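None of these values were measured; they are calculated from a predicted model.
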Amino acid sequence: MASLPLPLAVKYSQISAEAMVRENCAGANHTEKLSTALNILEKYGCNLVSPSRPRYWRTVKHNNPVFRATVDSIQGGRAVLYLYGYANQQADGLSFPDDVLEPDTQKVAAVTLEVMCLRLELDLLIKVLRLPQ
């Protein structure tokens, strides 16, 4: 996918990849910050589709230091969590609605795949930009 000469909006149908890149990559080290956040979002998605989900899979707490420093520090991070199913805003975080007993693993897998691909594309871009000219 990384080598396809297509606009991000065409390559990515689940996440708003173009907006995420545009809103988060203006300035030094911002591309790496976005890549790190995407890595954490990828882990959230992988945990949700795992047959042995973590005990507290239903909520993402805003006061979690990893969440605050990565996912919540970028534009579009919470939107990805919403796509995963974390649709309820609570005072201290996000959660799945009470009537949802299991995540929609098909949807979560599709979103996670796009998160992975965007992170890989950004990582390749970072490597290319670091090559000596």
Side-chain angles (χ1 to χ4, degrees):
M1 269 181 81
S3 65
L4 290 175
L6 296 171
L8 291 177
V10 174
K11 279 194 224 184
Y12 297 94
S13 62
Q14 301 292 318
I15 64 174
S16 299
E18 185 174 359
M20 288 179 81
V21 170
R22 191 177 342 95
E23 294 168 358
N24 292 293
C25 292
N29 298 327
H30 283 74
T31 308
E32 286 140 351
K33 183 177 175 180
L34 177 57
S35 178
T36 301
L38 290 169
N39 184 45
I40 298 302
L41 286 165
E42 180 181 325
K43 289 178 182 178
Y44 278 114
C46 288
N47 282 339
L48 289 173
V49 297
S50 171
S52 56
R53 277 188 293 282
R55 182 175 179 189
Y56 299 105
W57 66 269
R58 296 187 62 80
T59 60
V60 173
K61 298 292 185 183
H62 291 162
N63 64 356
N64 176 308
V66 173
F67 173 81
R68 273 199 333 252
T70 58
V71 174
D72 214 28
S73 70
I74 65 159
Q75 296 293 316
R78 288 191 187 194
V80 171
L81 292 173
Y82 182 83
L83 292 171
Y84 283 156
Y86 294 101
N88 281 0
Q89 178 68 51
Q90 299 178 326
D92 62 343
L94 301 168
S95 71
F96 273 78
D98 291 338
D99 62 337
V100 175
L101 303 178
E102 298 285 324
D104 180 345
T105 54
Q106 296 272 343
K107 173 76 171 176
V108 172
V111 172
T112 304
L113 178 61
E114 289 193 7
V115 168
M116 289 176 173
C117 289
L118 181 58
R119 183 185 57 78
L120 288 171
E121 283 196 88
L122 283 173
D123 290 348
L124 288 171
L125 176 64
I126 292 166
K127 286 180 184 176
V128 167
L129 292 175
R130 287 189 182 153
L131 289 176
Q133 301 299 318

Problem - Pairwise side-chain contact, I15 with V111, heavy-atom cut-off 4.5 Å (strictly under) - result: yes
Handout entry: Within one Ile-Leu-Val-Met-Phe-Trp-Tyr cluster: L122 and L113, side-chain cutoff 4.5 Å
Key = no
Problem - Common cluster, M116/Y44, ILVMFWY with side-chain heavy-atom separation under 4.5 Å - result: no
My understanding is that only residues two or more places apart in sequence, or in another chain, count here; which of them pass side chain to side chain donor-acceptor pair (under 3.5 Å) with [X]?
| X | answer |
| --- | --- |
| R53 | E102 |
| S35 | D123 |
| K107 | Q14 |
| Q90 | S95 |

Taking all heavy atoms of [X] and all of [Y], pick out the closest pair and write down the distance.
| X | Y | answer |
| --- | --- | --- |
| G85 | P97 | O-CD, 3.6 Å |
| C117 | Y12 | C-OH, 3.3 Å |
| A37 | I74 | CB-CD1, 3.6 Å |
| L34 | C25 | CD2-SG, 3.7 Å |

Exercise for the section: Sort out for me which residue in E114, E18, E121 forms a salt bridge (charged side-chain N to carboxylate O under 4.0 Å, His left out) with K11. Expected result: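 Among the candidates, only E121 passes.
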When rounded to the nearest 0.5 angstrom, what is the spacing between [atom1] in [X] and [atom2] in [Y]?
| X | Y | atom1 | atom2 | result |
| --- | --- | --- | --- | --- |
| Q89 | L94 | CD | CG | 5.0 Å |
| L48 | T105 | CG | OG1 | 10.0 Å |
| F67 | L41 | CZ | CG | 8.5 Å |

Exercise for the section: Kindly determine whether F96 and T59 satisfy side-chain contact (heavy atoms from CB on, under 4.5 Å), including the steps that lead there. Expected result: CA-CA 7 Å; F96 273 78; T59 60; over 6 Å; no
Exercise for the section: For the pair R119 (side chain) and E42 (backbone), establish whether a donor and an acceptor sit closer than 3.5 Å, ignoring hydrogens and angles. Expected result: no
Handout entry: Worked verdict on M20 versus L38 for side-chain contact (heavy atoms from CB on, under 4.5 Å)
Key = CA-CA 10 Å; M20 288 179 81; L38 290 169; 3.8 Å; yes
Practice task
Enumerate the residue pairs fulfilling side-chain hydrogen bond (donor to acceptor under 3.5 Å, both in side chains) with a member in residues 73-85, sequence neighbours excluded, ordered by first and then second residue.
Solution key: H62-R78, D72-R78, Y84-T112
Practice task
List for me each residue that meets salt bridge (Lys or Arg N to Asp or Glu O under 4.0 Å) alongside D104, sequence neighbours excluded, and say none if there are none.
Solution key: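 Testing D104 for salt bridge (Lys or Arg N to Asp or Glu O under 4.0 Å), a comparison that skips the adjacent residues, returns none.
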Exercise for the section: Take V21 and L118 through the test side-chain contact (heavy atoms from CB on, under 4.5 Å) and record every step on the way to the result. Expected result: CA-CA 9 Å; V21 170; L118 181 58; 4.0 Å; yes
Practice task
Begin from the C-alpha positions of K43 and N39 and carry the test side-chain contact (heavy atoms from CB on, under 4.5 Å) through to its verdict.
Solution key: CA-CA 6 Å; K43 289 178 182 178; N39 184 45; 3.8 Å; yes
Practice task
Mark yes when over 12 heavy atoms from residues, nucleotides or ligands other than D98 sit less than 6.0 Å from its CG; otherwise mark no.
Solution key: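 Counting neighbours around CG of D98, 12 or fewer heavy atoms of other residues, nucleotides or ligands fall under 6.0 Å, so no.
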